[in-house]
Amino acid sequence: MNLYHFTLSTSRENLFNITSMVNDALCASKVKSGAAIIFCPHTTAGITINENADPDVVTDFLFGMNKAFPDRKEFRHTEGNSHAHLKASCIGASETVIIENGKLLLGTWQGIYFCEFDGPRTRNFYVKIIGD
Ligand code: ZN
């Protein structure tokens, strides 16, 4: 109950602002007080909360992640995407946001992002709304 499934067609590597989709799930649930869990069931993608105002933040985020987790010839994983697995574990597969007065309790500058580290792919994420 109150579990919502979404799909995304992603580009190679990007952040997708999914805040409006989470809000759609919250509206459908009619929950006024509780929590939203946003979960990504993939091993080379993740969910994060970050600034939604300046698009350069996303550009810099991806630049920084590639500096922190470059592809390395020493990696043994035959799929060739170990750097994407590292980024996914660093970011994490889920976020939890408090719901109060029927709204997500996000800060003014916060947005919820689906992070693609190994696209293009068709991706899924789930939103579970808990509360009453
Ligand atoms: Zn892999």
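Quick caveat: nothing in here was measured; it's all calculated off a predicted structure. Numbering of ligands and ligand atoms starts at 1, following listing order.
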I'd like to check V58 versus N14 (side-chain heavy atoms, cut-off strictly below 4.5 Å). Are they in contact? yes

When T44, T10, D118 are each screened for side chain to side chain donor-acceptor pair (under 3.5 Å) with R123, the one that passes is T44

inquiry  = With heavy-atom distances below 4.5 Å as the criterion, would you say the side chains of V57 and L15 are in contact?
reply    = no

In short, ring-ring contact (aromatic ring centres under 6.0 Å, His included) pairs touching residues 33-66 with sequence neighbours left out are none

Practice item. Flag the pair E13 / K87 as yes when at least one side-chain heavy-atom distance between them is below 4.5 Å, and no otherwise. Key: yes

D132 CG: over 12 foreign heavy atoms closer than 6.0 Å
no

Counting only protein N, O or S atoms and ignoring waters, those under 2.8 Å from the Zn ion (ligand 1) are H77 NE2, E79 OE1, N81 OD1, H85 NE2

